Amino acid sequence: MNYQNQMKLKRFFRKPVVTYTFLGLQLILFLLMTIDGGSTNTFTLIGYGAKFNPLLVAGEWWRLVTPIFLHIGWVHLIMNSVILYYLGIQLEDTLGHWRFAAIYLLSGILGNAASFAFNAFSVSAGASTSLFGLFGATLFLGKTYTGNPAIQHMARNFGTLILINLVFGFFNTSVDLAGHIGGLAGGYLMSTAISIPDPLPRWKKKRVLYGAGFAVLLILLLSIGYFRTLGAF
């Protein structure tokens, strides 16, 4: 590879390619669902991989991941896409591509596991679980980089947004509050575990503990969801 191609490749990877990829995936899937019965059609949602407890306990555990990229109606898609775009380009630049992708996906998985545990009868979809994970990442960054005014400003802004969303979700039964809280916890735990390259020695034990905490919480939520669903159906 010549020098010019190397520079083009470097410039390409300086862009928020993971954010763009996630946005593209959810847009493509939304268009496919719209053509194939509609994104608000329950059977279409289930067919494309929405969280549906009976199928999860039947062994379709990939439904912990696929709901992250599915949306119910245009408003749902647009709202989550706007948040992902503006928050994603900031955090992907701060965290790096693979850390950002891992936090986004793992937060979504933990959020969907929380929904699986506490919303046995709902069909759930949306990037909100992962977006709350990104909110959790901003809280971690604000706590860690206390001398960085830009990060402190971002953490304060999103801290307020988290509070508003949680209060709204508490009073709105159509909102999957368990999924949001699970995603928030997942984002904070995984940010602590993986988001700082070359951590100080005193942080390494903390990283292991928070990573283990994520794994334990995930197993606990899946166990609760499994047995509650078996009892419900």
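Here the structure is a predicted model, which is why all the values come from computation and not from measurement.
Separating the NE2 atom in H71 from the OG1 atom in T40 is a distance of 14.5 Å, to the nearest 0.5 Å. Here the OG1 atom belonging to T66 is positioned 9.0 Å from the CG atom belonging to L29, to the nearest 0.5 angstrom. Rounded to the nearest 0.5 angstrom, Q90 CD and L95 CG are separated by 11.0 Å. The distance from atom OG1 of T42 to atom CD1 of I72, rounded to the nearest 0.5 Å, is 8.0 Å. To the nearest 0.5 Å, atom OG1 of residue T229 and atom CZ of residue F121 are 8.5 Å apart. Taking CG of L70 as the start and CG of L25 as the end, the distance is 10.5 Å to the nearest 0.5 Å.
Applying the salt bridge (charged side-chain N to carboxylate O under 4.0 Å, His left out) rule to pairs touching residues 47-62 yields E60-R63, sequence neighbours excluded. Sorted by first then second residue, the side chain to side chain donor-acceptor pair (under 3.5 Å) pairs that include residues 187-197, not counting sequence neighbours, are K143-Y188. Judged as a salt bridge (charged side-chain N to carboxylate O under 4.0 Å, His left out), not a single pair has a partner in residues 102-124 (not counting sequence neighbours). The list of salt bridge (charged side-chain N to carboxylate O under 4.0 Å, His left out) pairs with a residue in residues 115-136, not counting sequence neighbours, is empty.
Put simply, the side chain of I194 reaches to within 4.5 Å of the side chain of W98, judged on heavy atoms. For the pair F140 and L189, the minimum side-chain heavy-atom distance is 4.5 Å or more. Under the 4.5 Å side-chain criterion, counting only non-hydrogen atoms from C-beta, F30 is not in contact with F69. In this structure, I181 and L177 have side chains that are in contact, with non-hydrogen atoms separated by less than 4.5 Å. Counting heavy atoms from C-beta on, the side chains of L87 and T138 come closer than 4.5 Å. A heavy-atom distance below 4.5 Å is found between the side chains of S128 and H76. Between L105 and F22 there is a side-chain heavy-atom pair separated by less than 4.5 Å. In this structure the side chain of L91 never reaches within 4.5 angstrom of the side chain of Y104, judged on heavy atoms.
The minimum heavy-atom distance between T19 and I89, with the atom names listed, is OG1-N, 4.0 Å. Closest approach of L110 to G182, counting heavy atoms only: CD2-O, 3.4 Å. Minimum heavy-atom separation, P67 to A50: CG-C, 3.9 Å. Contact detail for V18 and E92: the closest heavy-atom pair is N-OE2, 2.9 Å. Of all heavy-atom pairs between N80 and A127, the closest is ND2-N, 3.5 Å. Closest approach of L64 and N112 over heavy atoms only: O-ND2, 2.7 Å.
For Q26, the side chain to side chain donor-acceptor pair (under 3.5 Å) partners at least two apart in sequence or on another chain are S81. By the ring pair (Phe, Tyr, Trp, His ring centres under 6.0 Å) test, F135 is found to be paired with F132, F158, residues two or more places apart in sequence or in another chain being considered. Residues that satisfy the ring pair (Phe, Tyr, Trp, His ring centres under 6.0 Å) test with F214, not counting sequence neighbours, are absent from this structure. Taking the side chain to side chain donor-acceptor pair (under 3.5 Å) definition, one finds that D93 meets it with nothing, sequence neighbours left out. For Y210, the ring pair (Phe, Tyr, Trp, His ring centres under 6.0 Å) test picks out no residue, with sequence neighbours left out. Residues that satisfy the side chain to side chain donor-acceptor pair (under 3.5 Å) test with S39, not counting sequence neighbours, are absent from this structure. Considering only residues two or more places apart in sequence or on other chains, F116 meets the ring pair (Phe, Tyr, Trp, His ring centres under 6.0 Å) condition with W61.
If you chain together hydrophobic residues whose side chains sit under 4.5 Å apart, W62 and F52 never meet in one group. Using a 4.5 Å cut-off between side-chain heavy atoms of Ile, Leu, Val, Met, Phe, Trp and Tyr, with links allowed through other members, I68 and I28 fall into the same hydrophobic cluster. Taken together through direct or relayed side-chain contacts under 4.5 Å among Ile, Leu, Val, Met, Phe, Trp and Tyr, Y48 and F43 form parts of separate hydrophobic clusters. Under a hydrophobic-cluster definition in which Ile, Leu, Val, Met, Phe, Trp and Tyr are linked whenever side-chain heavy atoms come within less than 4.5 Å, directly or via other members, L131 and V82 are assigned to the same cluster. Following chains of ILVMFWY side-chain contacts shorter than 4.5 Å, one cannot reach I103 starting from L209, and the two form parts of different hydrophobic clusters.
No side-chain N or O of T44 forms a donor-acceptor pair with one of D36 less than 3.5 Å apart.
Of the possible polar contacts, none joining the S107 side chain to the S130 backbone as a donor-acceptor pair under 3.5 Å is found. Between the N119 side chain and the S122 main chain, no donor and acceptor come within less than 3.5 Å of each other. Counting only distance, with no hydrogens or angles, the side chain of T129 and the backbone of G111 share no donor-acceptor pair below 3.5 Å.
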Start with the C-alpha gap between F118 and D176, add the side-chain angles, then the distance that decides, and say whether side-chain contact (heavy atoms from CB on, under 4.5 Å) holds. CA-CA 9 Å; F118 298 110; D176 191 345; over 6 Å; no

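For Y226, the OH atom sits in a loose shell: 12 or fewer heavy atoms of surrounding residues, nucleotides or ligands are nearer than 6.0 Å.
Side-chain heavy-atom separations under 4.5 angstrom define the hydrophobic clusters, and the remaining members of the one that includes M79 are V75.
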